[in-house]
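Worksheet: one structure, shown below.
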There are 2 protein chains.
Amino acid sequence: MADQTRPTTREQCAEADRNDELAVLRDEFALPDGVIYLDGNSLGALPRAAVARAADVVTQEWGTDLIGSWNKNHWFELPLRIGEKIGRIIGGGAGECVATDTTSLNVFKALSAAIAIQQEDVPARRVIVSERENFPTDLYMAEGLIALLDRGYSLRLIDAPEDLADALADDVAVVMITQVNYRTGYLWDLADTTRLVHDAGALAVWDLCHSAGAVPVRVAADGADFAVGCTYKYLNGGPGSPAFIWVAERHLARATTPLSGWWGHKSPFAMSESYTAADGGRRFLVGTQPIISMATMEVGIDLHLSVDEQALRRKSLALTSLFIELVETRLAQHPLTLITPRDEQHRGSHVSFRHPEGFAVMKALIANGVIGDYREPEVLRFGITPMYVGFADVWDAVETLRRVLDDELWRDPEYQLRGAVT
Amino acid sequence: MADQTRPTTREQCAEADRNDELAVLRDEFALPDGVIYLDGNSLGALPRAAVARAADVVTQEWGTDLIGSWNKNHWFELPLRIGEKIGRIIGGGAGECVATDTTSLNVFKALSAAIAIQQEDVPARRVIVSERENFPTDLYMAEGLIALLDRGYSLRLIDAPEDLADALADDVAVVMITQVNYRTGYLWDLADTTRLVHDAGALAVWDLCHSAGAVPVRVAADGADFAVGCTYKYLNGGPGSPAFIWVAERHLARATTPLSGWWGHKSPFAMSESYTAADGGRRFLVGTQPIISMATMEVGIDLHLSVDEQALRRKSLALTSLFIELVETRLAQHPLTLITPRDEQHRGSHVSFRHPEGFAVMKALIANGVIGDYREPEVLRFGITPMYVGFADVWDAVETLRRVLDDELWRDPEYQLRGAVT
């Protein structure tokens, strides 16, 4: 795709789809007819093979094999086995990543582990730096941890990526950043930023919710300390599928967790009276995991592992660039403001525009078969998932948006009603 | 069942099954042929209707309705709707119970909320009392919280229920007890114990893992402060289905949580920068829940709500009493020691015997079609789930155990190998 001229007609888009080596992946997903799905960054589509996997885990593994499934069907190993696969996707090493719980909880685990390490090494550092525009739950979890610790920790929020350097005073213990911003799609350079953080004496906790599976990530090679993220967006794990937490090998021995449940115990079935952490990332497991959701999610992870991530990235950028160009050329008369970086180095896999009537516009767009998302304030957000979105899809989506805006379909009072977007 | 003479032959057991008004419930479950399943206290059996529910949530709700399911199929409401139903099962009021996360995590939430309340009211109290024989993860979570707080909290463990009164000195903030012990099946009187705890100035956190769905529970009427528990045992929610947390109405306004994620925020989609707790039990939600597991689990909860719990309790006691009598009369020559209370007032819904070769015996028993469980040390544990276990099942299970012991089948070297029991 790299040296291909951007398509400027629908026919050229269809041609680009015919030439797309990744187009066959679309058949791996069960998407409804008549819908262009641009919300895979909120809930990834259903891999066809996940239907059989879910049925098997319910009927055979639960129903027939019953309690024996913990061993026979390796339920005990799922958080490790799937965590290992996610680790490969984000560039982590063996035993460093587990699939478990939710991103919010894993933020708590990563932050408290990072703080405990810094507490030993540089106890005077008591500031957590993050972005004001970070996904709120990351900030809320930090807030909860800070209040619980009750010993002078605080949160310092930056307003823009370029403010990070100034925020890195010698009181900073940890920097917690979401690599791709959920609203704007801004992509942080993980290597450069981590270097900056380390040079300032702090540790870097990365939230990869909108980057795992969306852009190539190399947590270990790029020096990250901790990473967390979800699996139900670009990894197509299913609604609310368990999240992940990764810990750099150099921290594994010292990375403790206050959420010290039996699944993270060195010998969970010895039923000993006190807690001894397991080796490796396994210590970040807490309690019994939701097996049906977890087993089903492995299908999406496996599918992702089978694909060339560089090719995915090239297609993602070609699609998001096309989307931006088509909106800006064909919908130029409408009050749409791009808030996603034009610079491909800083763009994740979604594109967002502000529109003063964004909420009603998105409802009208969805009613007309293009499923995007809405985020306060005024933001139309379009997830461009190269596994199942094509060039003609982008063309058609922009044309539908043009019709919604040209014909002012969004003025329908039904679309103005606040409440659910979808 | 109450005034019925205990059956003493297989024919009388079969007769008791024919007279059992609850026997029809067995057809609601998809249990494999040729197996007597006495491990429903570890993983409850599969309700037949859960197969279709799981398929629907995967194929229709995820695959076709996609992101719209959060509203259209009420995914957002599942933790509240199902929590409300569990609340009814354990005797809680509206808005006090949510279904979410794991028991371990909910222990952490309940303990930290209880401690925060006591910190305000009686700050000098810094001891958490629990049982040495509690399920270990409850102790581990307390340990993690205590270490994180790092301000003089400690755990005081009692060795037997009768030691509780002595342990309740004026330094005790919280008492955390599992109502039915996972190993012995000892059932605490929730009302009496809570009164004792309150009289001593402490708060009571109850773990209902082995009692929710197994014995009638009345958390609100009996004065409990907090309760947590799992749904994959007697509530038949499926492997690792999300747990629950209940908070007494009088504590709701003050019950804070350090695990302050966006799902517990008053306005999660306002994307505000700081955390404001939602009203009611909803504040104990943290992150996005595993929807496939959670939606599927509702089938087991609904099934339970359709049954008369007093009738279930009568049948449970008739079955566990029968099991004890048959083992003690027909297997008297074998070194089996009952560790479950004979007193029905203090017996949950499982029966445990120690046997010096317990591990190998259980493996041999499972190989011969009776699925029980093994717990260190030496404990043969039999979950008696009145929804799908009958009187003839108990007879046949004891006869199989007799054959395993009489014929010393457990001496087979294969059964001696430590590792997985099942």
Side-chain angles (χ1 to χ4, degrees), chain A residues 30 32 37 39 42-43 46 50-51 54-55 58-59 62-64 66-68 70-71 75 102-105 108 112 132 136-137 139-141 143-145 147-148 238-242 257-262 265 270-275 286-293 296 371 376 420 422, chain B residues 30 32 37 39 42-43 46 50-51 54-55 58-59 62-64 66-68 70-71 75 102-105 108 112 132 136-137 139-141 143-145 147-148 238-242 257-262 265 270-275 286-293 296 371 376 420 422:
Chain A
Y37 191 59
D39 209 359
S42 187
L43 172 64
L46 168 66
V51 176
V58 172
T59 305
W62 175 14
T64 301
L66 288 158
I67 190 70
W70 285 104
N71 297 302
W75 286 353
T102 65
T103 305
S104 299
L105 288 164
F108 189 89
S112 54
R132 197 175 305 285
T137 205
L139 304 182
Y140 303 159
M141 295 310 291
E143 207 181 312
L145 177 62
L148 188 67
S241 53
T257 173
L259 302 177
S260 46
W262 70 309
H265 195 282
M271 302 289 175
S272 63
E273 185 182 311
S274 60
Y275 181 78
V286 184
T288 307
Q289 292 299 294
I291 296 298
I292 306 176
S293 282
T296 302
I371 303 179
E376 294 290 349
T422 47
Chain B
Y37 191 59
D39 209 359
S42 188
L43 172 65
L46 167 66
V51 176
V58 171
T59 306
W62 175 14
T64 301
L66 288 157
I67 191 70
W70 285 105
N71 296 303
W75 285 353
T102 65
T103 305
S104 299
L105 288 164
F108 189 90
S112 54
R132 197 175 306 283
T137 206
L139 305 182
Y140 303 160
M141 295 310 292
E143 208 181 311
L145 177 62
L148 188 67
S241 53
T257 174
L259 302 177
S260 45
W262 69 309
H265 194 282
M271 301 289 174
S272 63
E273 185 182 311
S274 61
Y275 181 78
V286 184
T288 307
Q289 292 300 294
I291 295 299
I292 305 176
S293 283
T296 302
I371 302 179
E376 293 290 350
T422 46

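Note that these values count all heavy atoms, side chains included, but never hydrogens, waters or copies made by symmetry. Numbered from 1 within each chain, the chains take letters A, B, ... in sequence-line order.
Listed for the Glu376(A) side chain is no donor-acceptor partner under 3.5 Å among the backbone atoms of Met271(B). In this structure, Ser260(A) contributes its side chain and Tyr140(B) its backbone to a donor-acceptor pair below 3.5 Å.
Taking CH2 from Trp262(B) and CE from Met141(A), the interatomic distance works out to 13.0 Å, rounded to the nearest 0.5 Å. To the nearest 0.5 Å, atoms CD1 (Ile291(B)) and OG1 (Thr296(A)) are separated by 13.0 Å.
Within the 4.5 angstrom heavy-atom criterion, atoms from both the backbone and the side chain of Ser274(A) approach chain B. When heavy atoms are compared at a cutoff of 4.5 Å, Ala30(A) approaches chain B solely by way of its backbone atoms N, CA, C and O. Looking at Leu139(A), the atoms closer than 4.5 Å to chain B (heavy atoms on both sides) all sit in the side chain, from C-beta outward.
Between Phe108(A) and Phe108(B), the ring planes lie perpendicular to each other; the angle is over 60°, past the 30° to 60° tilted range.
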Practice item. Test Thr103(B) against Thr288(A) for side chain to side chain contact (heavy atoms under 4.5 Å, CB included), laying out the working first. Key: CA-CA 8 Å; Thr103(B) 305; Thr288(A) 307; over 6 Å; no

Review point. Could you go step by step and tell me if Leu66(B) and Asp39(A) meet the side chain to side chain contact (heavy atoms under 4.5 Å, CB included) rule?
Key: CA-CA 9 Å; Leu66(B) 288 157; Asp39(A) 209 359; over 6 Å; no

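Remark: Thr59(A) engages Val51(B) in a side chain to side chain contact (heavy atoms under 4.5 Å, CB included) (not counting sequence neighbours). Applying the side-chain hydrogen bond (donor to acceptor under 3.5 Å, both in side chains) rule to Thr137(A) yields the partners Ser104(A); only residues at least two apart in sequence or on another chain are considered.
Top candidate by heavy-atom pairs under 4.5 Å with chain B, chosen from Gly144(A), Pro258(A), Ser241(A), is Pro258(A).
The shortest non-hydrogen separation linking Glu273(A) to Glu143(B) is O-OE1, 4.3 Å. Between Pro32(B) and Gly63(A), the shortest heavy-atom distance links the atoms CD-O, 3.5 Å.
Between Ile292(A) and Pro239(B) the shortest side-chain heavy-atom distance falls below 4.5 Å.
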